[in-house]
J.: 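Could you have a look at this structure, given as structure tokens, before my questions?
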Amino acid sequence: MEVIKLAGKYVAEETELKWQGRWAGQGSFKCLADDPRPKFYCLEMFPYPSGRIHMGHVRNYAIGDVIARYKRMRGFSVLHPMGWDSFGLPAENAAIKQGAHPAQWTSENIAYMRKQLARLGLSYDWSREVTTCLPEYYRWNQWFFIKMFERGVAYRKSSFVNWCPSCLTVLANEQVIDGMCWRCDSQVVQKELEQWFLRITQYQDELLKDLETLKGWPENVTLMQKNWIGRSEGVEARFRVDGTGDEIVIFTTRADTLFGAEFVCIAPGHHVAETFQMDAGALNQVKERYGKLDEKHGLFTGRYAVNPVNGKKIPIYIANFVLMEYGTGAIMSVPAHDQRDYEFAAKYGLPVKTVVVSADGPAAPEGKAFEEDGMLVDSGEFTGLKSADARNKIAAWLQQKGLGRKVVNYRLRDWGISRQRYWGTPIPVIYCPGCGAVAVPEDQLPVRLPTDVKFTGKGGSPLAESPSFVNTSCPKCGGPARRETDTMDTFMDSSWYYVRYCSTKDEYALDKNNIKRFMPVDQYVGGVEHAVLHLLYSRFFMRIIRDLGISDVSEPFSSLLTQGMVCMETLKCPEHGWLYPSEAKGGVCAHCGKPVEKGRTEKMSKSKRNIVDPDHLISNYGADTARLFSLFAAPPEKDLEWSEKGVDGSYRFIQRLWNLVFSNIEKLNSVKGFSPEAITPVVRKTHQTIMRVTRDIERDYHFNTAIAAMMELVNAIQAEFASGKEDLKDVRFALEKTLLLLSPFCPHAASELWEALGNGDIQTQKWPEYDAEAAKEEEIELVIQINGKVRSKIMVAAGTPDEKLKELALADSKTAEATAGKGIKNVFVVRGRLVNIVVK
RNA sequence: GCGAGAGUGGCGGAACUGGCAGACGCGCUGGACUUAGGAUCCAGUGGGGAAACCUGUAGGGGUUCAAAUCCCCUCUCUCGCACCA
């Protein structure tokens with residue numbers, strides 16, 4: 001090893017394995033709850049164990065690891081755990097395809113990926129590892145479910161659900177994207193099933209309001225949650241159905257347009273629709289187009305509704321664009337002031353009555369509804385009021401007459417958690433013919449997944465196929481009973497795992513003291529794709545945990561960093577389609593020799609084949625390079641474009657530093673223990689670099705500029721050596737500080753070089769301090785502008801007063817040249833930087 | 001359609017509260033050392049020009065002594081929501 005080093009060749013693997021072995025052996029990253037130092041909880045979103053990590057993981061975990069290591073050096077007791085979000089469909093699909101049991105498939109994947117993470121040198125406390133598919137974890141999912149069931153937060157109802165005919169399961173609304181399954185892109189259909197729901201809507205106001213307290217979250221994420229919750233204030237108004245005793249309750253946010261209602265539209269599933277005698281075929285047509293975006297379809301019911309404000313009889317339509325799930329499933333249609341109603345009225349030849357006019361601004365363009373607020377006309381006693389005022393007065397009027405009331409509506413719906421799948425947490429409920437749905441008693445938890453299940457992939461819940469699982473006795477009356485055979489949405493698992501990490505594997509899962517010690521998470525790092533799903537469910541769960549008296553915390557994640565995607569150029573062969581980079585060497589297709597077309601840069605994905613395998617990357621360059629490049633190529637929140645050449649650059653930087661140390665190792669070690677005697681340029685640069693790196697990390701983790709600063713310093717050190725006039729004490733000082741700064745980014749190389757300088761373990765070192773005085777330049781370059789254009793630059797002593805700067809600038813020969821014959825109108829001085837002379 | 005964000009060299013990206021545009025890296029050009037170089041080191045590198053100098057941060061206008069940064073308009077791209085009444 002020594003020989004290799006002296007030959008000036010940086011060999012990453014050897015060094016990295018050495019340090020990884022040492023850290024593991026010493027338990028370097030164990031976090032103890034009774035540590036007297038202040039805590040810092042640094043968390044990255046745990047992965048689904050799909051088999052191998054991808055570059056997105058590398059980036060995510062590199063970011064988190066730098067933060068964890070930096071905070072350790074800053075004197076925090078850092079909790080930095082890792083685990084596995086290990087329930088879910090792929091394991092089951094693999095079982096159907098390959099016959100391996102999901103448990104086996106999953107644990108093999110975990111074993112492999114754990115090694116991959118270790119190979120990256122990530123500083124995790126593995127004694128807290130969480131694996132959600134293990135009974136010791138998922139029993140707590142069941143426990144939470146029971147607690148929610150007892151409190152009425154978990155409940156059962158029959159409802160139309162989003163059904164993916166390919167995955168053969170129910171999807172949450174959040175998992176339906178443009179009418180397609182989020183996982184397999186199949187068209188989602190509606191199916192009626194008995195389902196378990198969690199009453200997240202009970203917390204909707206709080207979840208909305210507390211978004212304001214999340215100062216450490218990116219605004220776009222809180223905004224997405226806000227829109228998702230979708231609070232809107234309006235009124236419900238009751239429209240009597242003429243000739244029957246029925247009523248249709250509509251919801252509107254525009255009570256000011258009530259006098260302009262020309263018809264009423266109800267959703268195809270609305271209960272009043274069933275009372276009407278209608279052509280079944282025509283009704284079915286509307287139903288088929290329900291929720292489809294293309295065109296509006298309606299069916300006149302032959303009935304009329306009575307507008308409560310003016311007694312006007314208006315036709316009732318069943319319309320495909322009215323959603324059953326939102327509001328009351330019925331609307332009043334005001335074609336003059338709502339674009340959708342306008343289009344509907346145009347299609348079916350219905351009247352358009354204007355009741356709001358613009359006070360001063362422009363009227364609506366021809367063929368469009370006027371949707372702005374304005375002043376009321378033709379609205380009885382409310383005529384002449386402004387919209388906002390009218391909304392209040394009309395609402396009050398309705399309320400007083402018992403014809404309506406003010407309401408607040410939410411877009412958010414309760415969370416359906418039932419899944420007709422095997423590889424998830426069994427829902428701990430027993431159905432007894434006498435007692436109904438009964439929760440499994442706590443002391444009988446966990447309800448384990450049975451192992452005698454066949455994976456056919458055909459319909460229904462696999463658990464129903466296991467008689468030993470299904471048949472049981474009622475916990476209440478002891479009579480024969482059946483178990484619930486659905487399993488839970490896997491988002492349950494990830495909604496509270498961060499709480500589980502607060503205790504080690506051996507400790508009680510919900511230890512209050514541990515949770516108090518570590519919660520909330522100080523820094524959470526993950527992909528923006530979880531902006532609503534996982535992050536909203538977690539916020540909901542934390543409140544459940546709070547209300548169960550386990551914690552005082554409401555918000556689980558104080559600060560959130562959403563890292564950008566890892567992208568790469570796509571390559572395409574006209575004949576063979578997408579190509580891996582290795583199939584396109586030399587710009588031609590490896591299969592047919594045709595020139596390769598370069599496509600646009602897109603998120604790395606297997607289907608587009610624009611991927612880099614972390615294993616290859618690490619075996620070619622090492623973990624330090626992989627980490628360094630993922631942090632250097634872009635700031636964390638932005639997308640990162642992967643570039644092989646860029647990786648070379650990062651590798652070369654480490655190598656340069658490495659060579660700098662080892663080719664001067666004896667000289668450097670001859671001054672061990674000495675400090676610089678004066679503030680020489682390289683010493684000053686060192687202080688400046690510490691300042692910059694610290695600032696860049698503290699300011700939203702701008703690692704890319706922090707790394708750039710370190711590169712500058714290394715370049716400066718190199719120049720010192722190259723000059724042949726280096727002061728050994730100074731360069732040793734500079735190198736040591738560089739290694740300390742670099743150690744969170746490239747921990748292995750930094751450790752090795754630190755040790756080579758005779759310094760022991762860098763892990764135990766503090767983050768370096770800088771001396772602001774020493775960082776100050778003695779001389780500054782004063783920029784002299786004439787009329788805003790740079791005309792000259794002169795060196796002046798730092799701290800020169802403004803008056804003197806002005807004098808110097810005016811005395812400058814180039815200034816004289818440029819101002820010759822022109823009168824000086826004004827002179828502006830920017831302290832210590834610039835003088836701008838304004839001439840005629 | 002609504003909402004959010006972004007547009008800077010050949011490329012990824014810098015530029016703190018308006019004050020030298022292009023840090024750092026890649027690429028490229030020239031040179032050194034070499035049997036060799038896709039290694040390493042040195043120098044150069046926004047565009048135009050021999051030079052002084054001119055010009056330049058998507059496009060157009062404005063504020064200012066001074067604008068990538070602030071204001072208005074236009075264009076393009078990315079993301080989120082999308083018949084939510």
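Letters go in sequence order (proteins before strands), and every chain restarts at 1.
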J.: Identify whether any heavy atom of A:S643 sits under 4.0 Å from a base atom; if not, whether one sits that close to sugar-phosphate; answer base, sugar-phosphate or nothing.
T.: nothing

J.: Ignoring backbone atoms, test whether A:R831 places a side-chain nitrogen or oxygen under 4.0 Å from the OP1 or OP2 oxygen of B:G19.
T.: no

J.: Any idea which of B:C24, B:G27, B:C20 is nearest the A:M711 side chain?
T.: B:C24

J.: How far does the C1' atom of B:G48 sit from the matching atom of B:A23, given to the nearest Å?
T.: 25 Å

J.: Under 4.0 Å: is that the gap between some side-chain N or O of A:N704 and OP1 or OP2 of B:A14?
T.: yes

J.: Hey, which sits more toward the 5' end of RNA chain B by its nearest nucleotide, A:A722 or A:H702?
T.: A:H702

J.: From C-beta outward on A:S232, which listed nucleotide comes closest to its side chain: B:A39, B:A85, B:G19?
T.: B:A85

J.: Round to the nearest Å and state the distance from A:E641 atom CD to B:G10 atom C1'.
T.: 13 Å

J.: Measuring centre to centre across the rings, with the benzene-like ring taken for any Trp, is A:F703 within less than 6.0 Å of A:F632?
T.: no

J.: In terms of side-chain heavy atoms of A:A708, which of B:A85, B:G12, B:C24 is nearest?
T.: B:C24

J.: Under 4.0 Å between a side-chain nitrogen and a carboxylate oxygen: does that hold for A:D338 and A:R254?
T.: no

J.: Using the closest heavy atom to pick a nucleotide of RNA chain B for each, name whichever of A:N220 or A:R692 lands nearer the 5' end.
T.: A:N220

J.: B:G9: syn or anti, with syn meaning chi within 90° of zero?
T.: syn

J.: Round to the nearest Å and state the distance from A:R791 atom CZ to B:A52 atom C1'.
T.: 11 Å

J.: Atom CD of A:Q688 to atom C1' of B:C16: distance rounded to whole Å?
T.: 15 Å

J.: Tell me whether the side-chain N/O atoms of A:N715 come closer than 4.0 Å to OP1 or OP2 in B:G25.
T.: yes

J.: Look at the side chain of A:I331 and decide which nucleotide, out of B:A85, B:C24, B:U55, has an atom nearest to it.
T.: B:A85

J.: Taking atom C1' in both B:A4 and B:A85, compute the distance separating them and give it to the nearest angstrom.
T.: 24 Å

J.: Reckon A:E219 touches a base, only the sugar-phosphate, or nothing at all at heavy-atom distances under 4.0 Å?
T.: nothing

J.: Does B:C41 have OP1 or OP2 sitting under 4.0 Å from an N or O in the side chain of A:Q718?
T.: yes

J.: If you check every side-chain atom of A:P635, which of B:A85, B:G80, B:G13 has the closest atom?
T.: B:G13

J.: Are A:R391 and A:D373 close enough for a salt bridge, meaning some N to O gap below 4.0 Å?
T.: yes

J.: So which nucleotide from B:G3, B:C24, B:A85 ends up closest to the side chain of A:L223?
T.: B:G3

J.: For RNA chain B, what are the stems built from at least three Watson-Crick or G-U pairs in a row, each pair having both distances below 3.5 Å?
T.: B:1-7 with B:75-81, B:10-12 with B:24-26, B:27-32 with B:40-45, B:46-48 with B:53-55, B:58-62 with B:70-74

J.: Taking the same atom, P, in B:U40 and in B:G47, what whole-Å distance lies between them?
T.: 25 Å

J.: Can a side chain N or O of A:K789 be found less than 4.0 Å away from OP1 or OP2 on B:U55?
T.: yes

J.: Could you give the CG-to-C1' distance, from A:D639 to B:C79, as a whole number of Å?
T.: 9 Å

J.: Would you check if the distance from the ring center of A:F344 to the ring center of A:Y317 is below 6.0 Å?
T.: yes

J.: Is the shortest distance from a Lys or Arg side-chain nitrogen in A:R238 or A:E236 to a carboxylate oxygen in the other one below 4.0 Å?
T.: no

J.: Counting side-chain heavy atoms from CB outward, which of B:G25, B:A4, B:C81 is closest to A:R656?
T.: B:G25

J.: May I ask you to say what A:V838 touches in the nucleic acid, namely base, sugar-phosphate or nothing, with a heavy-atom cut-off under 4.0 Å?
T.: sugar-phosphate

J.: Tell me what A:V827 touches on the nucleic acid: a base, only sugar-phosphate, or nothing, going by heavy atoms under 4.0 Å.
T.: nothing

J.: Do the ring planes of A:Y10 and A:W658 sit parallel (below 30°), tilted (30 to 60°) or perpendicular (above 60°)?
T.: tilted

J.: Taking only side-chain nitrogens and oxygens of A:R833, does any of them come within less than 4.0 Å of OP1 or OP2 of B:G18?
T.: no

J.: Using whole Å, what does the distance between atom C1' of nucleotide B:A23 and atom CD of A:E712 come to?
T.: 6 Å

J.: Using atom P of each nucleotide, how far apart are B:U63 and B:A14 to the nearest Å?
T.: 32 Å

J.: Within the structure, does a side-chain N or O atom of A:R411 lie under 4.0 Å from either OP1 or OP2 of B:A82?
T.: yes

J.: In plain terms, say whether A:E262 and A:K353 are close enough for a salt bridge, that is, a side-chain N and a carboxylate O under 4.0 Å apart.
T.: no

J.: Looking at A:Q339, I'd like to know whether one of its side-chain N or O atoms comes within less than 4.0 Å of OP1 or OP2 on B:A85.
T.: no

J.: If you check every side-chain atom of A:A634, which of B:A66, B:U55, B:G13 has the closest atom?
T.: B:G13

J.: Given B:G19, B:G13, B:C24, which nucleotide is nearest the side-chain atoms of A:Q785?
T.: B:G19

J.: Just how far is it from atom CG of A:D256 to atom CG of A:N392, taken to the nearest 0.5 Å?
T.: 10.0 Å

J.: Roughly how many Å apart are B:C65 and B:C81, using the C1' atom of each and rounding to a whole number?
T.: 46 Å

J.: What's A:G649 touching, base or sugar-phosphate or nothing? Going by heavy atoms closer than 4.0 Å.
T.: sugar-phosphate

J.: Compare the minimum distances between each of B:C20, B:G80, B:A85 and the side chain of A:V790, then state the nucleotide with the smallest one.
T.: B:C20

J.: Whole-Å distance between B:C24 C1' and A:K645 NZ?
T.: 19 Å

J.: Is A:K296 positioned over the aromatic face of A:F321, cation under 6.0 angstrom from the ring centre and no more than 45 degrees off axis?
T.: yes

J.: Taking A:E712 first and then A:R692, would you say they form a salt bridge - that is, a charged N and a carboxylate O separated by under 4.0 Å?
T.: yes

J.: Just how far, in rounded Å, is P of B:C28 from CG of A:D648?
T.: 11 Å

J.: Are A:K603 and A:D639 within salt-bridge range, i.e. N to O under 4.0 Å?
T.: no

J.: Between B:A15 and B:G27, how far is it from one P atom to the other, in whole Å?
T.: 23 Å

J.: Rounded to whole Å, how long is the line connecting atom CE of A:M565 with atom P of B:A6?
T.: 16 Å

